[in-house]
Amino acid sequence: MISSILKKTLLVLSLSAVSTLALAQADAAKTIAGIVASINHFPSDEQKQTLMAISNNDANSAAIKAIAEAVHNMRHSASDEDKARLTAIAADASASAAEKELAGIVAGMNHSASADAKAKLASI
């Protein structure tokens with residue numbers, strides 16, 4: 001009986017941890033999307049601080065961290081090195097839909113997000 005209760009408790013805790021991690025990923029993706037939608041040539045100092053916090057947060061996926069770093073480093077467009085990483089994320093079957101969308105938009109940006117890209121960013 002105690003073993004059954006313990007197993008159920010561990011299951012609930014595990015599911016809670018997984019949903020908390022998924023929520024953190026979604027929040028990070030939404031934050032990055034909002035920043036990308038507002039960028040004009042490069043992120044502001046405040047946006048750079050937010051992006052570095054996302055990049056340094058171990059709760060975020062490697063894809064989210066790479067996207068945050070690419071946006072942080074952006075000067076009119078992503079660097080060639082960042083574009084290569086973003087293109088890989090956009091093509092990665094294990095990446096979430098939001099990660100793929102963000103990576104593709106950031107890789108293709110030049111100065112600012114297009115109206116079409118902003119509409120996609122708003123849906124993340």
Query - Check against salt bridge (charged side-chain N to carboxylate O under 4.0 Å, His left out), Asp27 and Lys30 - result: CA-CA 5 Å; Asp27 287 346; Lys30 284 184 182 292; over 6 Å; no
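- From Ile105, atom CD1 reaches atom CD1 of Ile32 across 12.0 Å, with rounding to the nearest 0.5 Å.
- With a 4.5 Å cut-off on side-chain heavy atoms, Glu69 and Asn56 do not count as touching.
- In this structure, Met74 CE and Lys48 NZ are separated by 11.5 Å, a value rounded to the nearest 0.5 Å.
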Could you give the side-chain donor-acceptor pairs of residues 114-124 under 3.5 Å, partners two or more places apart or in another chain?
from: Ser114; atom 1: OG; to: Ala117; atom 2: N; distance (Å): 3.0
from: Asp116; atom 1: OD2; to: Lys120; atom 2: NZ; distance (Å): 3.4
from: Ser123; atom 1: OG; to: Lys120; atom 2: O; distance (Å): 2.7

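- Sparse packing is recorded around CG of Asp80, with 12 or fewer heavy atoms of other residues, nucleotides or ligands lying under 6.0 Å away.
- The line from CG of Asn40 to NE2 of His111 is 9.0 Å long, rounded to the nearest 0.5 Å.
- In this structure, CD1 in Ile67 is found 11.0 Å from OG in Ser55, a value given to the nearest 0.5 Å.
- Taking both residues in full, the closest heavy atoms of Leu51 and Ala68 are given as O-CB, 3.6 Å, listed atom of the first, atom of the second, then distance.
- Side-chain contact between Glu99 and Ser61 is present, with heavy atoms from C-beta onward closer than 4.5 Å.
- Within the 4.5 Å cutoff, the side chain of Asp92 has no heavy atoms near those of the Lys100 side chain.
- Between the CD atom of Gln47 and the CE atom of Met52 there is a distance of 14.5 Å, given to the nearest 0.5 Å.
- Counting only residues at least two apart or in different chains, ring-ring contact (aromatic ring centres under 6.0 Å, His included) contacts with residues 42-62 are absent.
- Atoms CE and OG, from Met109 and Ser77 in turn, are 9.0 Å apart once rounded to the nearest 0.5 Å.
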